[in-house]
Amino acid sequence: MPHHILHRPDGERIAFRRVDGSGPTVLWVGGFRSDMEGTKAVALEQAARERGWACVRYDHFAHGASSGDWKAATVGRWRDDAVAMIDSIEGPVLPVGSSMGGWVALLAALARPEKLAGLVLVAPAPDFTERLMWPSLPDHIRQAILRDGEADMPDEGLGPYVLTRAMFEEARNWLLLDGPIRLDAPVHILQGKQDEPVPWRHALTLAERIEGPDVRLDLIQNGDHRLSTPADLARLIEAVARLRATA
């Protein structure tokens, strides 16, 4: 099945897939170096087909089927593209943000509050560059980034990649956890207690920062960062269904 393309003003192309159905449109916002073919994104689309929901899943700039130079990727760029995706959708949206996508979804929700029907966040990682990734890097990697502007990162799962100083520095423009986060739509956070990349206390901090009418945090005792078991997927789909029902 061919992708749809959202053309950006600078000539870049954001690839997405769409399921037509009733609104609000469920918008999948994926994680760092993941793509729209991941387990959770596909399960969400399948649920949308079965239940008659409108649903869009897309790949970030420099991810998956979208275009873009990885070394030019920044949180601000991913946020701008998410806002453009929201602007391309008629009617209200219900973003579902996973890991880094939770940060991007929050930023997009703050940029388009009038479009927001609700927000589901799965192991959300707002401010991860500053609070989680940078402190966890080996000292020699941090020194290389500061000295050379970039460093090669090994990754046995997805393959090696580059971390740039520009990404870390630009991300400071978008930090959220140092103050209140005002959202007038309901927010449902799903967080694994056994999550190592994004510790559960990070989600607790986020839940405390959100000021809104309905903030729910589910801590899943045996859940890891992926939250992709059949039970996890069912929990995700029901969280989306609950917020759609209240929209």
Side-chain angles (χ1 to χ4, degrees), residues 1-8 13-31 34-61 63-66 78-102 104-124 183-190 212-214 216 218 226-247:
M1 185 172 70
H3 300 105
H4 299 286
I5 298 295
L6 179 69
H7 294 278
R8 303 296 283 123
R13 302 177 310 281
I14 302 301
F16 68 97
R17 295 189 185 281
R18 181 175 61 220
V19 173
D20 292 326
S22 64
T25 299
V26 178
L27 176 64
W28 174 257
V29 187
S34 70
D35 61 38
M36 62 174 154
E37 304 304 330
T39 306
K40 293 186 290 293
V42 171
L44 202 56
E45 179 179 289
Q46 182 61 33
R49 291 184 185 279
E50 292 169 358
R51 300 182 185 213
W53 302 346
C55 180
V56 170
R57 54 186 168 117
Y58 75 98
D59 282 334
H60 297 294
F61 172 88
H63 285 65
S66 292
W78 294 323
R79 175 253 188 207
D80 290 348
D81 290 339
V83 172
M85 287 299 309
I86 290 174
D87 289 344
S88 75
I89 295 169
E90 283 190 33
V93 295
L94 201 165
V96 180
S98 174
S99 194
M100 179 199 80
V104 174
L106 280 161
L107 293 169
L110 291 167
R112 293 293 184 269
E114 72 284 357
K115 295 271 286 188
L116 192 65
L119 195 58
V120 175
L121 303 173
V122 185
L183 293 168
D184 291 325
V187 181
H188 192 158
I189 302 170
L190 300 170
D214 178 5
R216 175 171 168 176
D218 288 358
R226 285 175 48 79
L227 289 180
S228 292
T229 69
D232 293 330
L233 297 175
R235 194 179 282 112
L236 169 62
I237 290 161
E238 287 313 308
V240 173
R242 183 179 78 90
L243 292 197
R244 286 184 93 263
T246 60

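FYI, the numbering just counts along the sequence from 1.
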Chi angles and distances behind the side-chain contact (heavy atoms from CB on, under 4.5 Å) call for R13, R8: CA-CA 6 Å; R13 302 177 310 281; R8 303 296 283 123; over 6 Å; no
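- Remark: D218 engages H188, L190, R216 in a side chain to side chain contact (heavy atoms under 4.5 Å, CB included) (not counting sequence neighbours).
- Residues I89 and P24 are not in side-chain contact: their nearest non-hydrogen atoms beyond the backbone lie 4.5 Å or more apart.
- Remark: L233 pairs with T39, K40, A43 by the side chain to side chain contact (heavy atoms under 4.5 Å, CB included) rule, at least two apart or across chains.
- With sequence neighbours left out, A15 forms a side chain to side chain contact (heavy atoms under 4.5 Å, CB included) with H3, I5, M36, A65, S66.
- Rounding to the nearest 0.5 Å gives a distance of 5.5 Å between CG of L243 and CG of L94.
- In this structure the side chain of L236 never reaches within 4.5 angstrom of the side chain of L227, judged on heavy atoms.
- The salt bridge (charged side-chain N to carboxylate O under 4.0 Å, His left out) search around D232 returns R235, not counting sequence neighbours.
- Contact record, G102 with P124: CA-CB, 4.2 Å, taken as the closest heavy-atom pair.
- The salt bridge (charged side-chain N to carboxylate O under 4.0 Å, His left out) search around D59 returns none, not counting sequence neighbours.
- For the atom pair D80 CG and M85 CE, the distance stands at 14.0 Å (nearest 0.5 Å).
- Heavy-atom minimum distance, G31 versus S99: CA-CB, 4.4 Å.
- Between H60 and W78, the two ring planes are tilted [angle within 30° to 60°].
- Put simply, CG on L119 and CG on L27 are 10.0 Å apart, with the number rounded to the nearest 0.5 Å.
- With sequence neighbours left out, Q46 forms a side chain to side chain donor-acceptor pair (under 3.5 Å) with E50.
- Using a 4.5 Å heavy-atom threshold, the side chains of P113 and D184 count as separate.
- Here R226 pairs with nothing under the salt bridge (charged side-chain N to carboxylate O under 4.0 Å, His left out) rule; sequence neighbours left out.
- Every pair passing side chain to side chain donor-acceptor pair (under 3.5 Å) that includes a residue from residues 236-247 is listed here, sequence neighbours excluded: S22-R244, R51-E238.
- Listed here is the closest heavy atom pair of R57 and A41: CD-O, 3.9 Å.
- Across H63 and S34, no two heavy atoms sit closer than the pair CD2-O, 3.2 Å.
- Looking at residues two or more places apart in sequence or on another chain, you find a ring pair (Phe, Tyr, Trp, His ring centres under 6.0 Å) between F16 and H4.
- Atoms CG and CG, on L183 and D214 in that order, are 11.5 Å from each other to the nearest 0.5 Å.
- Of all heavy-atom pairs spanning W53 and V19, the tightest one is O-CG1, 3.8 Å.
- Within the structure, every pair that satisfies the salt bridge (Lys or Arg N to Asp or Glu O under 4.0 Å) test and touches residues 106-118, not counting sequence neighbours, is listed here: D87-R112.
- Under the side chain to side chain contact (heavy atoms under 4.5 Å, CB included) criterion, A234 pairs with no residue at all, not counting sequence neighbours.
- Residues satisfying the side chain to side chain donor-acceptor pair (under 3.5 Å) criterion with T25, sequence neighbours excluded, are absent altogether.
- Of all the heavy atoms in A117 and P92, the pair that sits closest is CB-CB, 4.1 Å.
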